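Take a look at the structure set out below.
The first residue in the sequence is number 1, and the count goes up from there. Remember, it's 1-based here, ligands and their atoms both numbered in the order they're listed. The shown structure was predicted, so the numbers you read here are calculated from the model rather than taken from an experiment.
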Amino acid sequence: MNLSTNPAQRPGPYAPISFEADSPFLPVQGELPEGLQGTLVRNGPNPQFPQQGAHLFSGDGMLHAISLQAGRASYRNRWVRTAGWRAERAAGHSLYNAMGLPIDPADPALPALDEGVANTHVLPHAGRLFALEEAHLPIEIDAATLATRGACDFGGRLRGPFTAHPKTDPATGELHFFGYSAAGHFTPDISFGTLDAQGQVTRCERFVAPYSSMVHDFAITEHHLLFPVLPLTGSMARAQSGLPPWAWEPELGARVGILPRNAPAGDIRWFEGEACYVFHFMNAWEEIDARGHRLLKADVMRFDEAPLFPFADGRPTDRQRAVARLVRWTFDLDGKSDAFAQEPLDDLAGEFPRIDDRFTGRAHHHGWYACQREAVGGAGYEGLVHHDTQRGRRATWHLPPGDRLSEPVFVPRTPDAPEGEGWLLSMAQRTQEGRSDLLVLDAQDLASGPLATVQLSHRVPAGFHGSWLPGRFLHLD
Ligand SMILES: [Fe+2]
């Protein structure tokens, strides 16, 4: 599978669909757990007007929601109606080129505001729902209808890019966020801040990273923020000379900035390590070692080389090395060295790690991710992995060959259930049948396979990330 070109020209799990639909009663195989009441909503790129050669990341966001309520399953999908999407819909054709830039910058059909494509994640906060990308403001969504409410700057307190991976602190309810290229395209400036539990911006600051990097995700712990600045770099000079704007420059090495949550931005401390790329953190937390040193640990899906992007001179990277595996990073906050350790935890290739979100920033004992079938390489994610670090066990479960799984989302059995006790939800593409299923598994017993399977009559593109909205349901006619 090659993700570097538009899936419309390359059929596969990410190939877009061309319609919006409602399905009020979906067939269910098996039995939906009684306590599983709410809506899974997922986001992913689904270009309205596919562009030859466009990057996967530049497709318009499409939301897919499945509500589970008293044994009934219902579905709705809607595009996120950004300013660009609305302008293209009105024009009846694409207004943007494969780089995501206006085909004709003087075209009066272009929207006044660039709201991006809102295609990466969809996340609730303070009773509201937001479709997130990483280079623009959040786009608010009506959770009951998936209607787009519009870009949200929180009363003018938020400007510039907002990550698709903000982190909710389970103790305070605060949402911690950041944005890279915060002072303009390819700048090394990173903004960060906090929305309180009521959805008010209570902090927004900036620092300058060692170099301009595509920073897709970050991590919080109880007392720290952790910013990975890894050598997938941005360069205006390259962009202006026809070279790749974003490129893999391993000679720069890996840098990770650590900042106490209550400290000013200037207190950030930079650690250095071997070059690698990380799209996604599983989690991060704090420990004290036998010497009394404060350690910060983070479990990440680490690529030896960044996938999806070339070297700075345009040469492709090695696809065999562009595979992610679970790795633990350790930072000694009381040590003299600024080096950090990277320890492999598994040889399975995988992505889209998730935990029981009630343990964000705290030591966790259960983690899940989508994995490939073999230890090395492969096309797409065909399996799910569960790491139980307390018992030292790893469980896997795989789909039939050729089918594809999306990011697993954990749902606790009850709000106060023990960590990891609940269900794992994942969309499965039935490649031969050209349609998808929602799978519901016991998160502690993947090997037994799905407890229930919700059957759709069409294919849901693979997409990126999603959230479970407990007790909230789609309003269908
Ligand atoms: Fe992501």
Side-chain angles (χ1 to χ4, degrees), residues 1 3-4 7 13-14 40-46 55-64 80 100 116-125 129-139 161-168 175-181 190 192 213-220 226-230 232 234 246 276-284 298-303 306-309 322-327 349-355 357 360 367-371 380-381 384 404-410 425-427 460-468:
M1 183 173 59
L3 302 184
S4 64
Y14 287 91
L40 176 71
V41 57
R42 292 184 42 75
N43 199 353
N46 195 102
H55 197 281
L56 175 68
F57 292 176
S58 68
D60 302 293
M62 180 180 271
L63 301 170
H64 301 264
V80 183
V117 288
N119 67 5
T120 310
H121 202 349
V122 54
L123 193 84
H125 183 67
L129 185 66
F130 300 100
L132 303 171
E133 179 220 66
E134 64 189 31
H136 298 83
L137 291 172
I139 305 285
F162 188 98
T163 177
H165 290 289
K167 297 289 183 291
T168 304
L175 189 73
H176 293 267
F177 61 84
F178 74 96
Y180 68 92
S181 292
I190 293 179
F192 68 98
S213 167
M214 182 181 287
V215 186
H216 182 69
D217 194 359
F218 82 143
I220 64 169
L226 194 156
F227 300 93
V229 171
L230 307 173
L232 177 50
W246 293 103
C276 63
Y277 192 71
V278 167
F279 277 112
H280 299 119
F281 285 77
M282 178 177 273
N283 192 27
D299 284 358
V300 303
M301 300 308 297
R302 179 196 194 272
F303 291 85
L308 306 174
F309 294 90
V323 168
R325 296 183 178 84
L326 187 63
V327 166
E351 249 291 12
F352 299 121
R354 295 293 295 254
I355 59 163
D357 291 333
T360 298
W368 299 265
Y369 52 94
C371 69
Y381 303 108
L384 296 169
R404 295 285 181 266
L405 278 165
S406 68
E407 172 199 59
V409 174
F410 174 79
L425 309 185
S426 179
M427 298 295 300
V460 173
F464 294 140
H465 304 287
S467 294
W468 174 252

Decide ring pair (Phe, Tyr, Trp, His ring centres under 6.0 Å) for His176 and Phe218; before the verdict, give the C-alpha distance in whole Å, the side-chain angles of both, and the deciding distance to 0.1 Å. CA-CA 10 Å; His176 293 267; Phe218 82 143; 7.4 Å; no
Classify the angle between the aromatic ring planes of Phe279 and Phe303 as parallel (below 30°), tilted (30 to 60°) or perpendicular (above 60°). perpendicular
Taking atom types as modelled, find out whether Tyr381 and Glu351 have a side-chain donor-acceptor pair closer than 3.5 angstrom. no
Min side-chain heavy-atom separation Leu132-Thr120 under 4.5 Å: no
Heavy atoms, side chains only, cut-off 4.5 Å: are His55 and Pro45 in contact? no
Which residues and atoms, counting only protein N, O or S, are under 2.8 Å from the Fe ion (ligand 1)? His165 NE2, His216 NE2, His280 NE2, His465 NE2
May I ask you to decide if the ring planes of His165 and His216 are parallel, tilted or perpendicular, using 30° and 60° as cut-offs? perpendicular
